[in-house]
Participant: 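Please find one structure pasted underneath; my questions will follow.
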Amino acid sequence: MAKRQRLEVVDALYEAAETPAHWSVALRQLTVLVDARAAGVRVEGRDGVRQNWVGLEPAFERAYVEHYWREDPWATPVHHAPVGMVGHGDALAARATVERSAFHNELAQPFELDDLAGGLLDRSAARVISFGVMKGLGHRFTHREDQLLQHLAPHLRRALSLSERLHGEH
């Protein structure tokens, strides 16, 4: 079953590359695969951050884009990682660091989000593209889920690249 679900996610990613309106379907399938609440792609450039997520409440997304992206304790380690790196919460930032952050205390906790897994998809002088998958309070990513995300990351990277070439900047 897991192999079939993984292949369905890969198919959905490439379908989204062709038809951008299908990104939400692909991201939703990714959340199901790793038993998460939310999944998305984040693009940080000189002018701020843009993101495409499913499973986050609009108030969370608004607050993140307007302010908390600068205080996201998982973002900096991902930005400095090698392209293609995938990891989860504690591997990206010490739990104590996350729990002391305004991002965690003022945004993630009130929305009952607790653990993140993700990775770096692309880095250039103009922008950094990463992806993330978030779990709710009391839920942590497993080694098996980390492996699934590691397997899917190159497909996500390729699908985003194809989408950009077909439809302009993602």
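A quick note: this is a predicted structure, and the numbers were derived from the prediction, not measured.
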Participant: What distance separates L116 CG from F141 CZ, expressed to the nearest 0.5 Å?
Facilitator: 6.5 Å
Participant: Could you report the tightest heavy-atom contact between L92 and G87, atom names first, then the distance?
Facilitator: CD1-O, 3.9 Å
Participant: Is it true that V41 and V49 fall in one hydrophobic cluster, defined by side-chain heavy atoms closer than 4.5 Å?
Facilitator: no
Participant: For the residue pair Y68 / E106, report whether a side-chain donor-acceptor contact shorter than 3.5 Å exists.
Facilitator: yes
Participant: Could you work out, with salt bridge (charged side-chain N to carboxylate O under 4.0 Å, His left out) as the rule, every residue matching R42, not counting sequence neighbours?
Facilitator: E44
Participant: L27 versus W53: any side-chain heavy-atom pair under 4.5 Å?
Facilitator: no
Participant: E164 pairs by salt bridge (Lys or Arg N to Asp or Glu O under 4.0 Å) with which of R127, R158, R157?
Facilitator: R127
Participant: Mind jotting down which residue pairs meet the salt bridge (Lys or Arg N to Asp or Glu O under 4.0 Å) criterion with at least one end in residues 12-35? Sequence neighbours excluded, please.
Facilitator: none
Participant: Any idea which heavy atoms bring A17 and L166 closest together, and the distance?
Facilitator: O-CD1, 3.7 Å
Participant: Got L137 and R37 here, is their nearest side-chain heavy-atom distance under 4.5 Å?
Facilitator: no
Participant: Group every Ile, Leu, Val, Met, Phe, Trp and Tyr by side-chain heavy-atom contacts under 4.5 Å, then state whether F111 and V133 land in the same group.
Facilitator: no
Participant: Between Q147 and H143, do the side chains contain a donor N or O and an acceptor N or O under 3.5 Å apart?
Facilitator: yes
Participant: Is there side-chain contact between V65 and Q51, with heavy atoms separated by less than 4.5 Å?
Facilitator: yes
Participant: Can you list every ring-ring contact (aromatic ring centres under 6.0 Å, His included) pair that touches residues 70-92, not counting sequence neighbours?
Facilitator: W74-F103
Participant: Hey, are the side chains of T142 and D146 touching, using non-hydrogen atoms and a 4.5 Å cut-off?
Facilitator: no
Participant: Salt bridge (charged side-chain N to carboxylate O under 4.0 Å, His left out) between K135 and E145: does it pass, once the steps are laid out?
Facilitator: CA-CA 12 Å; K135 290 203 177 217; E145 292 165 341; 3.0 Å; yes
Participant: Is a donor on one side and an acceptor on the other found under 3.5 Å between the side chain of R123 and the backbone of A81?
Facilitator: yes
Participant: Ignoring hydrogens, what is the shortest heavy-atom contact between H139 and D115? Give both atom names and the distance.
Facilitator: O-CB, 3.5 Å
Participant: State yes or no: do L148 and L13 share one hydrophobic cluster built from I, L, V, M, F, W and Y residues joined by side-chain heavy-atom distances below 4.5 Å, directly or via other members?
Facilitator: yes
Participant: Ignoring hydrogens and angles, tell me if any N or O in the side chain of T19 forms a donor-acceptor pair with the backbone of A21 under 3.5 Å.
Facilitator: no
Participant: Give me the atom names and distance for the closest heavy-atom approach of V98 to A93.
Facilitator: CG2-CB, 3.9 Å
Participant: Should L149 and L30 count as side-chain neighbours, where that means a heavy-atom distance under 4.5 Å?
Facilitator: yes
Participant: Could you tell me the separation between the OH atom of Y14 and the CG atom of L162, rounded to the nearest 0.5 Å?
Facilitator: 7.0 Å
Participant: If a pair satisfies salt bridge (Lys or Arg N to Asp or Glu O under 4.0 Å) and one of its residues is in residues 90-100, list it, with sequence neighbours excluded.
Facilitator: R95-E99, R95-D114
Participant: If you round to the nearest 0.5 Å, how far is CG of L120 from CD1 of I129?
Facilitator: 9.0 Å
Participant: In terms of hydrophobic clustering (I, L, V, M, F, W, Y; side-chain heavy atoms under 4.5 Å; direct or indirect links), are V25 and F131 co-clustered?
Facilitator: no
Participant: Drop me the distance from D11's CG to E8's CD, to the nearest 0.5 angstrom.
Facilitator: 7.5 Å
Participant: Quick one: are L156 and L121 in side-chain contact, heavy atoms under 4.5 Å?
Facilitator: yes
Participant: Transitively linked via ILVMFWY side-chain contacts under 4.5 Å: W23 with L33?
Facilitator: yes
Participant: Who pairs with H104 by ring-ring contact (aromatic ring centres under 6.0 Å, His included), at least two apart in sequence or on another chain?
Facilitator: none
Participant: For A16 versus S163, what's the shortest heavy-atom pair and its separation?
Facilitator: O-OG, 4.3 Å
Participant: I need the full list of salt bridge (Lys or Arg N to Asp or Glu O under 4.0 Å) pairs touching residues 68-80, with sequence neighbours left out, sorted by first then second residue.
Facilitator: none
Participant: So, do V128 and V43 sit near enough that their side-chain heavy atoms are less than 4.5 Å apart?
Facilitator: no
